[in-house]
Amino acid sequence: MNIKVVGDIRVGKIQPSLTGNPIVDDVLVQHFCDRLKEKLNSLQPSVDIIPDHFFDATKPCADIILMDRRIIDDLPDELLMNFKIIDIDHNDILRGNITEAVNALKRYDSGKHVFAM
């Protein structure tokens with residue numbers, strides 16, 4: 001299973017940023033991914049956590065996407081409706097707080113509805 005973390009987008013018409021600094025965004029999103037991977041691999045091995053700075057809503061993908069709520073608010077619903085998206089609090093990505101993400105992934109894995117566009 002692949003999980004992509006979208007904290008900023010660097011392509012397209014709408015390019016929301018986590019902090020306004022791409023170098024800082026790289027480090028923060030990677031830190032969030034590393035912490036999440038460490039936790040999830042202790043629960044379920046073989047999970048790849050991938051930072052995605054180049055999310056493209058025109059290219060379908062089967063991965064689960066953890067996306068900053070602020071980005072979801074900026075993008076039209078019709079662009080996101082074909083993806084498996086779980087919304088994550090902006091501050092959780094900034095601070096590397098993975099608790100909400102882990103709980104949402106557990107609910108998603110158990111078949112419960114986590115996020116609806």
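Basis for what follows: all heavy atoms, side chains included, without hydrogens, waters or symmetry-related copies.
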Supply the atom-to-atom distance [X] [atom1] to [Y] [atom2], rounded to the nearest 0.5 angstrom.
X   : Y   : atom1 : atom2 : answer
I85 : M67 : CD1   : CE    : 4.5 Å
D68 : F32 : CG    : CZ    : 9.5 Å
I14 : F55 : CD1   : CZ    : 11.0 Å
I49 : L66 : CD1   : CG    : 7.0 Å

Residues D63, I3; criterion side-chain contact (heavy atoms from CB on, under 4.5 Å); working and verdict: CA-CA 6 Å; D63 300 330; I3 298 172; over 6 Å; no
Given 3.5 Å as the limit, does a donor-acceptor pair link the side chain of [X] with the main chain of [Y], or not?
X    : Y   : result
D48  : I50 : no
E100 : N97 : no
R10  : S17 : no
K84  : A62 : yes

Counting only heavy atoms not in [X], do more than 12 fall under 6.0 Å of its [atom1]?
X   : atom1 : value
Q15 : CD    : yes
K39 : NZ    : no
R70 : CZ    : no

Are N2 and I64 packed together at the side-chain level, in the sense that at least one heavy-atom pair is separated by less than 4.5 angstrom? no
Please tell me if the side chains of P16 and D74 come closer than 4.5 Å, counting only heavy atoms from C-beta onward. yes
Verdict with supporting geometry, I98 and D92, side-chain contact (heavy atoms from CB on, under 4.5 Å): CA-CA 7 Å; I98 61 166; D92 285 350; over 6 Å; no
May I have the step-by-step check of side-chain contact (heavy atoms from CB on, under 4.5 Å) for D34 and K37, ending in yes or no? CA-CA 5 Å; D34 292 344; K37 183 173 182 127; 5.8 Å; no
Smallest separation among heavy atoms of [X] and [Y], with atom names:
X   : Y    : value
I65 : C61  : CD1-SG, 4.2 Å
G7  : I93  : CA-CD1, 4.2 Å
I86 : A104 : CG2-CB, 3.5 Å
P51 : C33  : N-SG, 3.7 Å

Hey, are D25 and H53 close enough side-chain-wise for a donor-acceptor pair under 3.5 Å? no
Distance-only polar pair, side chains of N21 and T19, donor-acceptor under 3.5 Å: no
Lys/Arg-Asp/Glu bridge criterion (N-O < 4.0 Å) met for D89, R95: no
Could you state whether [X] and [Y] fall into the same hydrophobic cluster, counting links through intermediate Ile, Leu, Val, Met, Phe, Trp or Tyr residues with side-chain heavy atoms under 4.5 angstrom apart?
X   : Y    : answer
L94 : V102 : yes
V6  : V11  : yes
M81 : L79  : no
I88 : V27  : no

Qualifying residue, where the test is side chain to side chain contact (heavy atoms under 4.5 Å, CB included) with L75 and the options are I71, D77, D73: I71
